[in-house]
Structure formats: C-alpha cells, structure tokens
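Only a predicted model underlies this, so the values are computations on that prediction, with no experimental measurement involved. Chain letters run A, B, ... following the sequence lines, proteins first, then strands; residues in each count from 1.
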Amino acid sequence: DVKVTQSSRYLVKRTGEKVFLECVQDMDHENMFWYRQDPGLGLRLIYFSYDVKMKEKGDIPEGYSVSREKKERFSLILESASTNQTSMYLCASSLRDREVSQPQHFGDGTRLSIL
Amino acid sequence: KQEVTQIPAALSVPEGENLVLNCSFTDSAIYNLQWFRQDPGKGLTSLLLIQSSQREQTSGRLNASLDKSSGRSTLYIAASQPGDSATYLCAVFNAGNNRKLIWGLGTSLAVNP
C-alpha cells in the first residue's frame, strides 16, 4: 500500500512566521502535489513536482514555495504566514504517466492555524 | 474552462438503501474521472478511476459510470452502511490541462442506522 505521511496533523503558528510542512511518500512516485482545502472552495492546487529539484506552480502559488531535494520528500513553505493561510493542507503523490494519469494517493492532511 | 459540479451537496439516507451520487463536468475532453472518499478531518482515499475510453468501473459495493459525451458520472453505492458516511469527491483529469485534476466540491453522505 502507498503511504503518504505528513509530518503534523495539527499546527498552530503566528503571523509572520516561516512555516514548513513536510510530506514523505514511500512508493517511489515521481509526482507530488500540495493542495489546500477550504469550505466552499474545495481543493486547490498550490504547487506540484514531477521530479527531484523540479517544481511547477499550481492555481494559487502566491505566498508559498516548495522544495524537492529528494524524490520521496516534498516540502511546502509559507514564507511569512498570514491569517488567510489558515486551512487544511493535503499532500498527494502519483506515478508519472504523461498519457493517462495515475490515481493520486493522499496523506491525512495538516490542519494549520495562523494566529 | 473545465468546471465540475456535484449534486446534491448533502444527502442523508437510512441504512440499506441503494444510492446514486452525481458528478457533471463542462468539457468532455478528459483523460479520466476519479472518485474519492474523505472522512472528517482526514485525507482523501481513491475509490475508482475511470479512463475516458471506459464506461464503468466496479469495486465491491461501488460502481462508477462515465458518459463523456453528456459530461456526467455517477457513483452507485449498493446496500449502504453507516460506515459509508463520508464526503465523496469527483475530479476530472483534463486533456487540455495535463497533470492537474479539476475538483468538485463533494457530496456529504450520512447513512443512518
């Protein structure tokens, strides 16, 4: 079974702090994704990565950056946390398939509160 | 621009009922459609993936159909159980927007004992 592990289930940080959310997958997947999920807005893609040291912006990258130094690890960074970044953050991974997508496998999510 | 709609937003049924969840999308140029389940406060679990060339997929009591030309998919749950209570989301993998899923807002299902 694919295992996607997010480092924290709940996190409380203060405005202006630099926040790191970590995600690790154990199935050698090439693709990794970061989403945020908000009531009434659904899942929105922040960043994704197809390979080590490679990243692409999703639909809402502003205020975020990512790092993928190793294949199994994809980190989301909030450079200077703001209250509007309070949300549920979900990491996912999948095999690379340029013709037809593979199912994405999700972690349990990190509920982040910015005070 | 692809848009995915799920109706109803919430559904409450007695245990044992067969039920249908609906998903519609505006652009039929898709690679596939996926159904996911999300338990409260948790991540998503992939249930079924239907390729654009397929009409349906089955897994246990779940059956998902796809009618690409009309932009519709249904998730059929047979003999519902309280453990099926969760939010069900559908997402399409757009042919014109490769490597990104376009998500619906989900249907929140409550199965009452």
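A donor-acceptor pair is defined here as one N or O able to donate and one able to accept, closer than 3.5 Å; such a pair exists between the side chain of A/Arg9 and the backbone of B/Gly41.
Counting only heavy atoms from C-beta outward, the side chains of B/Leu44 and A/Tyr35 never approach each other to under 4.5 Å. Within the 4.5 Å cutoff, the side chain of B/Gln38 has heavy atoms near those of the A/Leu90 side chain. Between B/Gln34 and A/Pro103, some side-chain heavy-atom pair lies under the 4.5 Å cut-off.
Summarising the geometry, atom CG belonging to A/Asp38 is positioned 11.0 Å from atom CG belonging to B/Leu105; distances are rounded to the nearest 0.5 Å. Taking CZ of B/Phe36 as the reference point, atom NE2 of A/His105 lies at 8.5 Å (rounded to 0.5 Å).
Only the side chain of A/Gln37 has a heavy atom closer than 4.5 Å to any heavy atom of chain B. Looking at A/Leu43, the atoms closer than 4.5 Å to chain B (heavy atoms on both sides) sit in the backbone and in the side chain alike.
When hydrophobic clusters are built by joining Ile, Leu, Val, Met, Phe, Trp and Tyr residues whose side-chain heavy atoms come closer than 4.5 Å, directly or via intermediates, A/Leu21 is not grouped with A/Tyr10. Residues A/Met32 and A/Val4 fall into different hydrophobic clusters, defined by Ile, Leu, Val, Met, Phe, Trp and Tyr side chains chained together at heavy-atom separations under 4.5 Å. In the hydrophobic cluster analysis, where Ile, Leu, Val, Met, Phe, Trp and Tyr join through side-chain heavy atoms closer than 4.5 angstrom, B/Leu21 is grouped together with B/Val4. With hydrophobic clusters built from ILVMFWY side chains whose heavy atoms lie under 4.5 angstrom apart, B/Tyr76 does not share a cluster with B/Leu49. Cluster annotation: B/Leu11 is connected to B/Trp35 through the hydrophobic network of ILVMFWY side chains, with a link wherever side-chain heavy atoms come within less than 4.5 Å.
More than 12 heavy-atom neighbours from other residues, nucleotides or ligands sit within 6.0 angstrom of CZ on B/Arg61. The 12-atom threshold is not exceeded at CZ of B/Arg72, counting heavy atoms of other residues, nucleotides or ligands nearer than 6.0 Å.
Taking non-hydrogen atoms and a 4.5 Å limit, the residue list of residues 68-76 of chain A in contact with chain B is empty.
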